[in-house]
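Below is one structure, written out as structure tokens, with a few remarks after it.
Every number for a ligand or one of its atoms is a count from 1 in the order of the listing.
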Amino acid sequence: MKLKNPPVNSLSLEMLTELVINLEKLENDKAVRGLVLTSEYPGIFSAGLDLMEMCGRNPAHYAEYWKALQEFWLKLYQSSLVVVAAINGASPAGGCLMSLICDYRILADNPKYTIGLNETLLGIVAPFWFKDTMVNTIGHRASERALQLGLLFPPAEALQVGLVDQVVPEDKLQSTALSVMAQWLAIPDHARQLTKTMMRKPTVDHLVKQRDADIQNFVSFVSRDSIQKSLQMYLQKLRQKKS
Ligand SMILES: CC/C=C\CCC/C=C/C(=O)SCCNC(=O)CCNC(=O)[C@H](O)C(C)(C)COP(=O)(O)OP(=O)(O)OC[C@H]1O[C@@H](n2cnc3c(N)ncnc32)[C@H](O)[C@@H]1OP(=O)(O)O
């Protein structure tokens with residue numbers, strides 16, 4: 001599956017909805033057992049959540065957007081398919097989250113392709129289920145440091161901390177993803193799927209139990225004037241970077 005939402009594959013409401021629909025279609029197709037997630041645009045895997053969905057909108061929109069994000073996370077994290085992320089570009093914040101909920105992550109070796117949960121750099125906070133997903137991958141201490149500092153790791157560091165499973169030359173990314181897929185598909189589906197469910201259930205339950213409260217928390221947080229100002233300033237900085 002190629003992510004395709006120009007210019008930076010930000011996770012807009014429309015994009016999240018489409019991703020969930022496509023995942024459902026693939027899961028219902030008995031001929032499909034695995035999925036390689038990559039970007040149509042080498043250089044950018046995903047810029048994360050679409051900042052335009054979080055700026056200057058009304059509370060009902062924020063609630064709808066957050067619910068769609070939760071839906072996407074729940075769908076991909078619990079997918080019965082083998083999901084391999086072939087990360088062919090920068091992968092900040094929500095882009096990193098999307099990679100973390102796959103079963104295996106391969107990052108192309110390019111110093112510009114940084115990955116991490118950098119929310120604090122925007123003056124916002126990664127929600128508990130982003131944090132849980134990261135802790136499950138790299139452990140508590142490394143997550144605490146990475147989350148507080150909003151670290152974006154270049155490939156060698158991402159590999160060292162365990163944020164990705166492999167770093168390969170850019171021209172080997174797709175072939176490596178296919179051989180990793182073959183290795184995972186050699187395991188009987190039912191045994192692998194039950195094991196995945198067992199490993200992920202506590203994290204899933206944590207969010208499921210608090211879905212409504214989490215939406216309310218997001219809506220009130222993002223509606224604050226101070227948060228709106230921080231997000232606007234961050235967007236402005238992104239725009240000024242060009243000039
Ligand atoms: C209680 C809980 C509360 C809140 C929790 C919220 C959790 C949030 C999670 C997130 O994911 S927030 C998003 C974080 N994302 C980022 O910090 C990435 C920002 N973008 C970049 O760093 C770069 O754009 C890039 C992805 C590295 C690509 O760089 P490049 O130089 O190729 O492109 P450029 O920066 O010129 O961007 C092109 C164009 O796209 C706009 N843009 C970029 N990122 C986003 C985004 N996330 N959402 C919306 N729009 C984005 C950028 O402004 C440019 O627009 P322009 O052409 O109109 O200037």
Item to check | Nearest non-hydrogen protein atom, atom 27 (C) of ligand 1 | outcome: A90 CB, 4.1 Å
Checklist entry - Is it the side chain (CB and beyond), the backbone, both or neither of A47 that lies under 4.0 Å from ligand 1, heavy atoms counted? => result both
Checklist entry - If you count the atoms of ligand 1 from 1 in the order shown, which ones are under 4.0 Å from a heavy atom of G94? => result 10 (C), 11 (O)
Checklist entry - Just which atoms of ligand 1 are under 4.0 Å from any heavy atom in K241? => result 29 (O), 30 (P), 31 (O), 34 (P), 35 (O)
Checklist entry - Between K25 and E18, is there a side-chain N and carboxylate O pair less than 4.0 Å apart? => result no
Checklist entry - Measuring from T133:OG1 to I138:CD1, what's the distance to the nearest 0.5 Å? => result 11.5 Å
Checklist entry - Just which atoms of ligand 1 are under 4.0 Å from any heavy atom in L122? => result 12 (S), 14 (C), 17 (O)
Next on the checklist: Looking only at protein heavy atoms, which one is nearest to atom 55 (O) of ligand 1, and what is the separation?
Outcome noted: K242 NZ, 4.1 Å
Checklist entry - For atom 48 (N) of ligand 1, what is the nearest protein heavy atom, given as residue, atom name and distance? => result L51 N, 2.9 Å
Checklist outcome for this item: Rounded to the nearest 0.5 angstrom, the OG1-CD1 distance for T176 and I106 is 6.0 Å
Item to check | Atoms in ligand 1 with a heavy atom of V125 nearer than 4.0 Å | outcome: 2 (C), 3 (C), 4 (C), 5 (C)
Checklist entry - For W129, which of F72, F218, W73 qualifies under ring pair (Phe, Tyr, Trp, His ring centres under 6.0 Å)? => result W73
Next on the checklist: Using the rule given for side chain to side chain contact (heavy atoms under 4.5 Å, CB included), can you reason through Q166 versus Y104, listing the C-alpha separation, both sets of side-chain angles and the distance that settles it, and then say yes or no?
Outcome noted: CA-CA 9 Å; Q166 238 180 302; Y104 195 88; 2.8 Å; yes
Item to check | Distance (rounded to the nearest 0.5 Å) between T17 OG1 and E64 CD | outcome: 7.5 Å
Checklist outcome for this item: So CG of L107 and CG of D109: to nearest 0.5 Å the spacing works out to 7.5 Å
Checklist outcome for this item: The closest protein heavy-atom partner of atom 21 (C) of ligand 1 is L238 CD2, 3.7 Å
Checklist entry - How far is atom 3 (C) of ligand 1 from its nearest protein heavy atom, and which residue and atom is that? => result F221 CD2, 3.3 Å
Next on the checklist: Restricting to non-hydrogen atoms, name the atom on D214 and the atom on P127 that form the minimum distance, rounded to 0.1 Å.
Outcome noted: OD1-CB, 4.3 Å
Next on the checklist: With the threshold set strictly below 4.0 angstrom, can you tell me whether any protein non-hydrogen atom sits that near atom 25 (C) of ligand 1?
Outcome noted: no
Checklist outcome for this item: Note: ligand 1 atoms sitting under 4.0 Å from heavy atoms of P7 are 39 (C), 40 (O)
Item to check | Identity and distance of the protein heavy atom lying nearest atom 6 (C) of ligand 1 | outcome: I124 CD1, 3.6 Å
Checklist outcome for this item: When rounded to the nearest 0.5 Å, the distance separating OG of S99 from CG of L37 is 7.5 Å
Item to check | I44 N/O to ligand 1 N/O under 3.5 Å | outcome: no
Next on the checklist: Among all the protein's non-hydrogen atoms, which is closest to atom 14 (C) of ligand 1, and how far away is it?
Outcome noted: A93 CB, 3.5 Å
Checklist entry - What part of V8 sits under 4.0 Å from ligand 1 if we count only heavy atoms: the side chain, the backbone, both or neither? => result side chain
Checklist entry - Between Y234 and ligand 1, is there a nitrogen or oxygen pair with a distance under 3.5 Å? => result yes
Item to check | For atom 8 (C) of ligand 1, closest protein heavy-atom neighbour | outcome: L49 CD1, 3.5 Å
Checklist entry - Are any non-hydrogen side-chain atoms of L231 and V222 less than 4.5 angstrom apart? => result yes
Checklist entry - Do any N/O atoms on N118 end up under 3.5 angstrom from N/O atoms on ligand 1? => result yes
Checklist entry - Do you reckon V36 sits in the same ILVMFWY cluster as L19, going by side-chain contacts under 4.5 Å, direct or chained? => result no
Next on the checklist: Please list, in number order, the atoms of ligand 1 under 4.0 Å from a heavy atom of G48.
Outcome noted: 11 (O)
Checklist entry - Short question: side chain of S175, backbone of K172 - any donor-acceptor pair under 3.5 Å? => result yes
